[in-house]
There are 2 protein chains.
Amino acid sequence: MKPAYSEKRLQLLDTAERLFSEKGFDGTSVRDIAEEAGINTAMISYYFGSKEKLMEAIFEERSLNVREKVDLLLKDDSLDPLQKMYRLLDEYVEKIMQRKKFHRILLCEQVINQNPIIIEMLAKIKSRNLSSINDVIRLGQKKGLFKKQVDVPMMMNTLIGTISHMLVNLDFYKAYHHLETLTDEEFEKTLKKKLSAHIKIIFKAILSHES
Amino acid sequence: MKPAYSEKRLQLLDTAERLFSEKGFDGTSVRDIAEEAGINTAMISYYFGSKEKLMEAIFEERSLNVREKVDLLLKDDSLDPLQKMYRLLDEYVEKIMQRKKFHRILLCEQVINQNPIIIEMLAKIKSRNLSSINDVIRLGQKKGLFKKQVDVPMMMNTLIGTISHMLVNLDFYKAYHHLETLTDEEFEKTLKKKLSAHIKIIFKAILSHES
DNA sequence: ATCAATTAAACAAACGTTTAATTAACTTTG
DNA sequence: CAAAGTTAATTAAACGTTTGTTTAATTGAT
């Protein structure tokens, strides 16, 4: 369980992430992971200690923390509060799309997972991110640009819910809009633009006071 | 595998739904289910044929079909198209909240599931529901009340994504708004109202043309 | 006496983890 | 600079459980 960054460790981590996202944690055996990675089964215990701890390692390496992004945003005087929120929203779209496999795992594990270490990890990240976002919201309210009553967790719920649910409907969405001819990169680019524009409309309606 | 509606069959189905929603399909053993239901393990094969088919039975009994609701809505001349969409949205909030356990299962299985029967089942329901909803949208567009370009799957993605993601954040949301003192029924009522109002704002922004 | 419902026991297969042995990579030493 | 010694990396095999399903026997009602 010694080395922190070896090629085989990373190989196991990537393979496990892929298989967990395709078949779930309990649907994937350590033999599956080792075999597909071309590495001996015992190496999982050797590097991570256990299958559970391998999962924890995935969460530690892939979880999304927006505090730094928010700090930069708050300092940037060239952007009004709504534009700051637009940038933040794009950050979520970008990062979640960038880490599709992990966020599919996250989607399942938030329902199923019983591991107290992961539960604690997610609770901390959620609280921290929410409190950072609240800073931006309060700024907008102070400047009189946002409504006084904004249900921020509800708004974030729609942000993450919309992006996450798109992750499970990717193929359906692609087929509906006849986008199968596009390359993966083209489709991804198109989709991110659509998601971004769509959620901007939503955020504007939630945040700013108009009839 | 004979009887379609016996007390023990329903008992197994309910217990399985609960355990699958708490621990996932692969995280739940047939012994778990049988033991918690107080029924012999072999009865699962007897009634359903297999664990897989038990899961299929859950999907058959709990999936949400909105066609009837939409048909009623389309006929109702006392409602304008936006109000029809509001009613439809409330139907989704109501039904998903009513079937929390099943929709937690659905959330995971849409990512993980490999069972072709369930995949086919979900694809059919999704297409059917979407085409029904498209009828309402086209009506609104015909009357000049809705935008000409509406990404209906994207809109539905936000609807279902918002409600579903709330299902995994219930406790967090309750704690954030200090709603722990409420009874379960009171909280559920409050939450449904909040969800409904929130999504109405979103739908209005997506559907109607304003700056 | 017949047939459905129910049971405990047994089945092989798959599970996560550990073991003890072997190989590979360095370090130390003469 | 090679040989010996030392530690880390890697392996195949085995461990004891648990898995979903089936079996063959038993119960209960008609």
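Labels below follow one simple rule: chain letters A, B, ... track the order of the sequence lines, proteins then strands, and each chain is numbered from 1. Since the structure is predicted, the reported quantities are computational estimates derived from the model, not experimental observations.
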Undergrad: For the pair made of CG in A/Leu12 and C1' in D/dA9, what is the distance, rounded to whole Å?
TA: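 In whole Å, D/dA9 C1' and A/Leu12 CG are 13 Å from each other.
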
Undergrad: For A/Lys124, does the NZ atom sit with more than 12 other heavy atoms under 6.0 Å from it, leaving out its own atoms?
TA: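 Count not over threshold, so no.
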
Undergrad: To the nearest Å, give me how far apart CD1 (A/Ile33) and P (C/dT17) are.
TA: 10 Å

Undergrad: Please determine whether the number of non-hydrogen atoms from other residues, nucleotides or ligands lying under 6.0 Å from atom CD of A/Glu35 exceeds 12.
TA: no

Undergrad: Give the rounded distance in Å between these two atoms: CG of B/Leu19 and P of D/dT19.
TA: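 After rounding, the reported distance stands at 12 Å.
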
Undergrad: May I ask you to establish whether B/Lys8 and B/Tyr47 are in a cation-pi arrangement, using a distance under 6.0 Å from NZ or CZ to the six-membered ring centre and at most 45° from the ring axis?
TA: no

Undergrad: Rounded to whole Å, how long is the line connecting atom CG of B/Asp26 with atom P of D/dT18?
TA: 17 Å

Undergrad: When the distance from NZ of A/Lys51 to C1' of C/dA14 is rounded to whole Å, what number comes out?
TA: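 Rounding to the nearest Å, NZ of A/Lys51 and C1' of C/dA14 are 11 Å apart.
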
Undergrad: Rounded to whole Å, how long is the line connecting atom CG of A/Leu54 with atom P of C/dG16?
TA: 11 Å

Undergrad: Can a side chain N or O of A/Ser29 be found less than 4.0 Å away from OP1 or OP2 on C/dC15?
TA: yes

Undergrad: Check the distance between D/dA9's P and A/Gln11's CD and give it to me in whole angstrom.
TA: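 Taking CD of A/Gln11 and P of D/dA9, I get 17 Å after rounding.
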
Undergrad: Can a donor-acceptor pair be found between the side chains of A/His198 and A/Thr162 at a distance below 3.5 Å?
TA: no

Undergrad: Rounded to the nearest angstrom, tell me the gap between atom CD in B/Glu56 and atom P in D/dG20.
TA: 15 Å

Undergrad: Check side chain to side chain donor-acceptor pair (under 3.5 Å) between B/Asp26 and all other residues, then give those that pass, not counting sequence neighbours.
TA: none

Undergrad: Check whether NZ of the Lys or CZ of the Arg B/Lys101 lies under 6.0 Å from the centre of the six-membered ring of B/Phe20 and within 45 degrees of that ring's axis.
TA: no

Undergrad: Within the supplied structure, the quantity of interest is the number of heavy atoms (other residues, nucleotides, ligands) at a distance under 6.0 Å from B/Glu68 CD; does it exceed 12?
TA: no

Undergrad: Which letters describe nucleotides 6-12 of chain C, given B = protein heavy atom under 4.0 Å from base, S = only from sugar-phosphate, - = neither?
TA: BBB-B--

Undergrad: Show the distances under 3.5 angstrom between N or O atoms of the protein and N or O atoms of nucleotides 25-30 of chain D.
TA:
none

Undergrad: Given B/Arg62 and B/Glu17, is the salt bridge (charged side-chain N to carboxylate O under 4.0 Å, His left out) satisfied, shown in steps?
TA: CA-CA 10 Å; B/Arg62 304 285 206 261; B/Glu17 184 189 37; 2.9 Å; yes

Undergrad: Kindly indicate whether the side chain of B/His165, heavy atoms from C-beta on, has any atom under 4.5 Å from the side chain of A/Gln110.
TA: yes

